[in-house]
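Note sheet for the following structure.
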Amino acid sequence: MTTLLDARTSQNASIANSISIPITIISAPGLFGQVGLNVLGATGPIRTQLSGTVACQLPLLPVATTITLTVVRGTSLTDPVIYSSAEALNINLLGPQLFTFTASDFNVPPPAFGLLIYTPFISSNVLGTVRVGPEI
């Protein structure tokens, strides 16, 4: 039998075009959310499921642009990666483009203090790419 221990959300921008945050660092992805799950008292295997959305827009001078999303169990890029994807922005669409993901983490070791943290990062291969919302 499954027991739901916790359900939380991290929401940076709930409305389309409500933010304008440049993805400025090509070599180091930027954090765009974080969620901590309380798993204190969990027995048996811990399994988590995360879903998210981030909207990006091409640079002012449209060029081939690839967005990479990485989700880690922890708070930094050196922590275990549980999900990663790369997708090219459509160069013919000048408006926002949505990236939606679902990540799962199975047989998670229980954390020392009962809080399991997941952090998604975003990067672009081209300077001038902008996060515009929504971000959930």
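For clarity, every value in this text was computed on a predicted model and none was experimentally measured.
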Minimum heavy-atom distance between Val108 and Tyr118, given as atom pair plus value: CG2-OH, 3.7 Å
Working to the nearest 0.5 angstrom, can you tell me the gap between Thr68 OG1 and Ile122 CD1? 8.5 Å
Identify the heavy atoms of Val130 and Ser20 that sit nearest to each other, and give their distance. CG1-OG, 3.6 Å
One should read off an interatomic distance between Gln57 CD and Leu93 CG, to the nearest 0.5 angstrom, of 10.0 Å
Return the minimal non-hydrogen interatomic distance between Val54 and Glu135, and the atom names on each side. CG2-OE2, 3.6 Å
I need the Leu115 CG to Leu40 CG distance, nearest 0.5 Å. 10.0 Å
Check whether the side chains of Gln49 and Ser104 place a donor and an acceptor atom closer than 3.5 Å, and report yes or no. no
Could you tell me whether the side chain of Thr129 reaches within less than 4.5 Å of the side chain of Leu89, counting heavy atoms only? yes
Report the distance from atom OG1 of Thr119 to atom CD of Gln34, rounding to the nearest 0.5 Å. 3.5 Å
Quick check: closest heavy atoms across Phe121 and Pro29, and the distance to 0.1 Å? CB-CB, 3.7 Å
Heavy-atom count check: over 12 atoms from other residues, nucleotides or ligands less than 6.0 Å from Leu60 CG? no
If two hydrophobic side chains count as joined below 4.5 Å and joins carry through other members, does Val71 share a cluster with Leu77? no
Between Ile67 and the options Ile23, Asn125, Val126, the side-chain contact (heavy atoms from CB on, under 4.5 Å) test singles out Ile23
Rounding to 0.5 Å, atoms CG (Asn107) and OG1 (Thr48) come to a distance of 10.5 Å
First locate atom OG1 of Thr100, then atom CG of Leu69, and finally report the distance between them rounded to the nearest 0.5 Å. 9.5 Å
Between Asn92 and Pro62, is any pair of side-chain heavy atoms under 4.5 Å apart? no
Got Arg73 and Pro109 here, is their nearest side-chain heavy-atom distance under 4.5 Å? yes
Please tell me if the side chains of Phe32 and Ile21 come closer than 4.5 Å, counting only heavy atoms from C-beta onward. no
Check whether any side-chain heavy atom of Gln97 sits under 4.5 Å from a side-chain heavy atom of Cys56, and report yes or no. no
Tell me whether Ile136 shares a hydrophobic cluster with Leu50, the cluster being built from Ile, Leu, Val, Met, Phe, Trp, Tyr side chains joined at under 4.5 Å. no
Compare every heavy atom of Ile46 with every heavy atom of Pro110, then report the nearest pair and how far apart it is. CA-CD1, 4.0 Å
Please check if Phe101 and Phe99 belong to a single hydrophobic cluster, counting links between Ile, Leu, Val, Met, Phe, Trp and Tyr side chain heavy atoms closer than 4.5 Å. yes
Between Gly133 and Ile19, what is the shortest heavy-atom contact and its length? N-CG1, 3.5 Å
Listed by chain and number, what are the side chain to side chain donor-acceptor pair (under 3.5 Å) partners of Glu87, not counting sequence neighbours? none
